[in-house]
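Below is one structure, written out as structure tokens; the observations come after it.
Sequence positions, counted from 1, serve as the residue numbers for this chain.
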Amino acid sequence: ETSAARLLQGHNVCGTNKMHFLCYQTARRIYRLLELKKTTEKVRLLKHHDYTINRSDVTGWFNVGSQANVVAVMAELESQLRAQGAKLVLHTDGFFVETIYIGKHSGHATLKFYNKYRELMNAGLPNSLSETEQQAILDSAKPLIRVELTLRMPALNSRKPEFDSEHAALRQSSGWSVKIARHLLENALARYKFNGHIRARLDPNEIERMKPNDRTFYLLQQSGVNLAEFMTPRNFKNLRTKLLQRYQIDIARPASDEPASELFLAELLAPEKLLMNWPKKLRRMGLIAGTDEWK
């Protein structure tokens, strides 16, 4: 395929959110791979051309410490997103959640969370990389929850960053910046609320101390009643928020005999924890778009 995305599949491992720079490097690499004649004038034109964007993937990640934590966070992420009514499409390997899509088939935008390490292990890395380079990429990916926002043409045509006084159109590479990319990704994540520690059930003495109204709804949820079916969306949302704040109980989740997760997603996935700069080690090894290997 002559698709730039296929030719540059590696940028999904180590890329850049500098849109114009990536487009320029893509064009140069296509020239090289197709053995087109390169002149100083053509390179100048490629460098200064304002590329039209039909689709964009804005990427970042959260470092949760280990691959075991990634697996646990992905499972908890699914539960918390479902509790908020998000329409999810999951990809699993039979045991673990590898990818979570919100709006996978949307013609507008898709938000995606995934275990990059598992994906790389399943798909494999390019044979052109040495064993040392492959291992460095895998080691860097192990503790990361990857988050990716895909914007298609309707989204690129309509989205104009509010903070940008020039209101640059996202269809053109010149309208992008790292700041805009981060803003778009943070806005997409802000539509969902990640909670702290969620408890599966309360101790008997805690139940006795509950306010009567709270205790009634809690016991109904624990007995398997889906309260959302019997309440208005607004009332259910208010009740859910109240019980989460008071008792760390989420009535939007089915009652379970499984022990509750000890994960604090509100802390692990806090906006200030969102990373968009690539590891220095991979830069030094020439595995980042724009380093010496690309020039």
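A donor-acceptor contact closer than 3.5 angstrom is absent between the side chains of Glu131 and Gln135. Asn54 and Arg171 share a donor-acceptor pair across their side chains, judged by distance under 3.5 Å alone. Using modelled atom types, one finds no donor on one side chain facing an acceptor on the other under 3.5 Å when comparing Thr241 with Asn238.
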May I have the step-by-step check of side-chain contact (heavy atoms from CB on, under 4.5 Å) for Tyr192 and Ile102, ending in yes or no?
CA-CA 11 Å; Tyr192 305 95; Ile102 303 174; 3.2 Å; yes
Checking Asn235 against Thr232 for the side chain to side chain donor-acceptor pair (under 3.5 Å) test, could you report, in this order, the C-alpha distance in whole Å, the side-chain angles of both residues, the deciding distance, and whether it holds?
CA-CA 5 Å; Asn235 288 342; Thr232 64; 3.2 Å; yes
Test side chain to side chain donor-acceptor pair (under 3.5 Å) applied to Asn115 and Arg146, step by step:
CA-CA 6 Å; Asn115 184 336; Arg146 182 68 171 254; over 6 Å; no
Verify ring pair (Phe, Tyr, Trp, His ring centres under 6.0 Å) between His91 and Tyr101, making sure each step is shown before the conclusion.
CA-CA 8 Å; His91 287 186; Tyr101 291 92; 5.2 Å; yes
Run the numbers on Glu98 and Asn122 for side chain to side chain donor-acceptor pair (under 3.5 Å), then give the verdict.
CA-CA 11 Å; Glu98 290 191 341; Asn122 291 338; 2.8 Å; yes
Between Tyr51 and Leu46, is a side-chain contact (heavy atoms from CB on, under 4.5 Å) present by the stated rule, with each step listed?
CA-CA 9 Å; Tyr51 296 89; Leu46 293 177; 3.7 Å; yes
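With Arg215 contributing its side chain and Met210 its backbone, the two residues share a donor-acceptor pair below 3.5 Å. Using a distance-only test at 3.5 Å, with no hydrogens or angles considered, no donor-acceptor pair links the side chain of Lys273 to the main chain of Asn63. A donor-acceptor pair under 3.5 Å is formed between the side chain of Asn226 and the backbone N or O of Ala228.
To the nearest 0.5 Å, the span separating OH on Tyr114 from NZ on Lys116 amounts to 4.0 Å.
The list of salt bridge (Lys or Arg N to Asp or Glu O under 4.0 Å) pairs with a residue in residues 40-52, not counting sequence neighbours, reads Glu41-Arg44.
In the hydrophobic clustering of this structure, Met74 does not group with Val89; members are Ile, Leu, Val, Met, Phe, Trp, Tyr whose side-chain heavy atoms approach within less than 4.5 Å, directly or through other members.
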